Number of protein chains: 2
Amino acid sequence: MDQFKNIRIKDVAELAGVSVATVDRVLHERGKISEKAKAKVLEALEKTGYKPNLIASTLGSNKVYRIAAMLPDPALDDYWNQSGSGIFKATEEWAQYNVRIESFYFNLYDKKSFKQVSKKILDFNPDSVLLAPIQYHESLEFFGDLKERNIPYVIFNTNIPEADPLSFIGQDLYQSGRVGAEMIATKLGTKGNILVVHVYEEKLNAMHVKEKEKGFRDYFTSNNLTDFNIESYEFTDFNDAAFMRELQDVLSKRTIDGIFVATSKGTHLTAQVLDKAGKKNVALVGYDLLKDNIHYMYEGVINFLIHQNPRKQAVRGINFLVNYLLFKKQPPVNDLFPLEIITRENIKSYLHSDSI
Amino acid sequence: MDQFKNIRIKDVAELAGVSVATVDRVLHERGKISEKAKAKVLEALEKTGYKPNLIASTLGSNKVYRIAAMLPDPALDDYWNQSGSGIFKATEEWAQYNVRIESFYFNLYDKKSFKQVSKKILDFNPDSVLLAPIQYHESLEFFGDLKERNIPYVIFNTNIPEADPLSFIGQDLYQSGRVGAEMIATKLGTKGNILVVHVYEEKLNAMHVKEKEKGFRDYFTSNNLTDFNIESYEFTDFNDAAFMRELQDVLSKRTIDGIFVATSKGTHLTAQVLDKAGKKNVALVGYDLLKDNIHYMYEGVINFLIHQNPRKQAVRGINFLVNYLLFKKQPPVNDLFPLEIITRENIKSYLHSDSI
DNA sequence: TTGAAAGCGCTAACAT
DNA sequence: ATGTTAGCGCTTTCAA
């Protein structure tokens, strides 16, 4: 019976021969403690396998934690809308634990906006920040400011090698490209003409997209699938209609068996072109469970989607931050999500489930 | 500033001109209260918009909740081992919140065992139960007992229409079969000879397996894929070696392009046969990320696995129960997990990620 | 550098 | 029928 009793700070204190305050100090690394006392406490902690009681902890410290979430405006882009919904979920979930989450949106295409918003966040003076570092240089600058102020941050969606965050949450892009290739190859068999389509917006995300393409191409070479012909097309016009016209033009001039698009928006734009051209037999592999993509998958235009799970990424990010703030629980440096394959037959199961 | 302050019971009590105990009594409808006092409290409650602080509530009532988890013995089956590991994770996670989870294992193949174990659970007198209702009739009987005692229960893995649980956690089996068919068809193209293999153990799970097969077959008919020939083979011998011998025999006598197996164990047994026979070119679709299945996927014998996520199911089940007991949060009646498709290229991303 | 003690909001045993 | 009060486990003054 007694073995089931939870170890309290008081128990640890008694074992270590100190007061609860001292134990609390070593647990949270606050105040001054003698090495001797610290050693005794650490030993007692170890011996008892003490686990803090979050409930008592949040109740005791009447502290309110403030987290800033910084991401592209969800109203302007369906992909980011899903991240936003994850933030919202997390906001509600942690409200009872005295965690306040404030969202800050920037314009995806406007570097100035990113800068302005990061200023706002610094003024807000949060205890920690979750952000999608879309703008490379501006992000680095912001990271500098945060570090200076000792504000921990978690990044998601896009990784920046020099970012040095508490944690990065996202996917293995190279492998993601390989999965896309595997799907196309499974569908096409042993040969075919494949187009890797790049839409203008990808310039913002150059590295992101390049990694995926690298994985995509490597799949064919590493599997000796030499009868596939793979070409890349970059559409640089910053305009949906122009992109679609150009793509349509390309498609009318050559035989294409499969298309791989590395972004969620590019996916449904491409699908729209294929749909209008009546080319449902072209194997199309793209990204994410956006409304438009779902539509074109139901329509039989898109064959496979790789799910980047923006919503879950956001939720996970907040969870990492909360656990870090409340318990000093260190999140993994990299949390790479599974590369989920969505098809016509399993798509509903993804939409119904609120699995987060 | 003050407007953000949470209303406490104490505030309500003061406003109503009574004590906190009286407020507590009307909040929880316990003890005796005069109509007059009740009215005053109700009014104050209304006026202040009081929201209880669940955290303080669970801390205050030092109640220990007991949850019984009932599932097939994890030591005897790798699939259930994963469920077991989910229970274990949840046990650790909730220990600090005064939730005690006791596991009860029954023998998958022995109906008597199920009955005995359910008796044990009733003796244990838990606050709630999580169970995998493998044995149909025995389960129904058990549900009756639980209801009689007002013990809420959540079921997972296997659904029973008449169960009427707090929540069912699992997958859409019919759709799961369709996904398997889709994968095989994608791989095979427009025609082929397909075997639906049933291993002996499936008799226990007749409904489970039948649903999957129904979905599997329906996929071909609803897509007018009439050039596929689909045959079912039931191996009724309760013995691994015998099953493999029989299957090998079948394979040697006919041309088989694809095989669908509806259980996790059947999957690696079949893979083993194909591997020994050197038939890696047969498209094999099966279930779950078991150690043996992972091995045969790396070996190139298994093409696709559908992930039922037994571990996550178990974790989710406990979470539902805890939230219900502690916070009176009502779980969804049905929580159907996504039908995750595992391939050679994305399998690692599933193994690495600790996404639960 | 340490410890005692007063909360945090709620529950429940004990008075009255 | 109602109120008082001592916890729950942790945090955080304040004193020593």
Side-chain angles (χ1 to χ4, degrees), chain A residues 4-42 44-45 48-65 95-99 127 325-329, chain B residues 4-42 44-45 48-65 94-100 325-328:
Chain A
F4 288 119
K5 189 132 184 57
N6 274 326
I7 305 295
R8 293 122 67 221
I9 282 192
K10 197 182 170 189
D11 302 319
V12 177
E14 273 164 17
L15 211 173
V18 297
S19 73
V20 292
T22 301
V23 176
D24 182 76
R25 283 182 187 105
V26 357
L27 278 174
H28 299 287
E29 295 165 352
R30 56 182 157 221
K32 307 272 180 188
I33 356 130
S34 66
E35 281 305 318
K36 217 177 97 190
K38 189 173 177 179
K40 282 192 297 182
V41 170
L42 285 177
L45 246 19
T48 53
Y50 169 79
K51 290 263 193 302
N53 182 326
L54 164 59
I55 294 203
S57 168
T58 53
L59 185 60
S61 90
N62 218 12
K63 180 162 173 42
V64 172
Y65 286 99
Q96 53 178 329
Y97 293 88
N98 267 350
V99 174
D127 294 291
L325 293 174
L326 266 55
F327 312 117
K328 301 225 174 304
K329 206 180 272 175
Chain B
F4 288 117
K5 189 128 186 59
N6 280 324
I7 305 295
R8 296 119 69 221
I9 283 191
K10 197 181 170 190
D11 301 320
V12 177
E14 273 164 17
L15 213 173
V18 298
S19 75
V20 292
T22 302
V23 177
D24 182 76
R25 283 182 186 106
V26 357
L27 280 174
H28 299 289
E29 293 165 350
R30 55 182 159 218
K32 307 269 178 188
I33 358 129
S34 67
E35 281 306 318
K36 215 177 98 190
K38 189 172 176 178
K40 281 192 298 181
V41 170
L42 251 19
L45 246 19
T48 54
Y50 170 79
K51 289 264 190 303
N53 182 330
L54 274 346
I55 296 213
S57 170
T58 53
L59 220 219
S61 89
N62 209 16
K63 179 159 173 46
V64 172
Y65 288 98
W94 291 111
Q96 50 178 320
Y97 301 105
N98 270 347
V99 174
R100 297 293 116 84
L325 292 174
L326 263 58
F327 306 120
K328 307 232 172 298

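Note that the structure is a prediction, hence the values are computed from the model and not measured.
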pair [X]-[Y]: side-chain heavy atoms closer than 4.5 Å:
| X | Y | value |
| --- | --- | --- |
| Val23(A) | Leu27(A) | yes |
| Thr48(B) | Asp11(B) | no |
| Tyr97(B) | Ile55(A) | yes |
| Asn98(B) | Thr58(B) | no |

Legend entry - Nearest-nucleotide 5' precedence on DNA chain D, Asn62(B) against Thr22(B): Thr22(B)
Legend entry - Nearest-nucleotide 5' precedence on DNA chain D, Gly17(B) against Asn98(B): Gly17(B)
Counting side-chain heavy atoms from CB outward, which of [options] is closest to [X]?
| X | options | answer |
| --- | --- | --- |
| Ala56(B) | dG9(C), dT12(D), dG3(D) | dG9(C) |
| Leu59(B) | dC10(C), dT11(C), dG9(D) | dG9(D) |
| Asn53(A) | dT2(C), dG9(D), dT12(D) | dG9(D) |
| Lys32(A) | dT4(D), dA1(D), dT1(C) | dT1(C) |
| Arg25(B) | dT2(C), dT11(D), dT2(D) | dT2(D) |

How long is the line joining [atom1] of [X] and [atom2] of [N], in whole Å?
| X | N | atom1 | atom2 | value |
| --- | --- | --- | --- | --- |
| Glu35(B) | dT2(D) | CD | C1' | 15 Å |
| Tyr65(A) | dT11(D) | OH | C1' | 10 Å |
| Tyr50(B) | dG9(C) | OH | P | 10 Å |
| Ile55(B) | dT11(C) | CD1 | C1' | 16 Å |
| Asp24(B) | dT2(D) | CG | P | 14 Å |
| Leu27(B) | dA12(C) | CG | P | 13 Å |
| Leu45(B) | dC10(C) | CG | P | 11 Å |
| Glu14(A) | dG3(C) | CD | C1' | 14 Å |

side-chain N/O [X] vs [N] OP1/OP2, d < 4.0 Å:
| X | N | answer |
| --- | --- | --- |
| Arg30(B) | dA12(C) | yes |
| Ser57(A) | dT11(D) | yes |
| Thr58(B) | dC8(D) | no |
| Ser19(B) | dT4(D) | no |

Under 4.0 Å between any heavy atoms, over every strand shown, what does [X] touch: base, sugar-phosphate, or nothing? Just pick one.
| X | result |
| --- | --- |
| Ile33(B) | sugar-phosphate |
| Tyr97(B) | nothing |
| Ile9(A) | sugar-phosphate |

Inset, instruction - Identify the two heavy atoms, one from Thr22(B) and one from Ala37(B), that lie closest to each other, and give their separation to 0.1 Å. - result: CG2-CB, 4.3 Å
Inset, instruction - Quick one: pull up CG in Leu325(A) and CG in Asp127(A) and give me the separation to the nearest 0.5 Å. - result: 6.0 Å
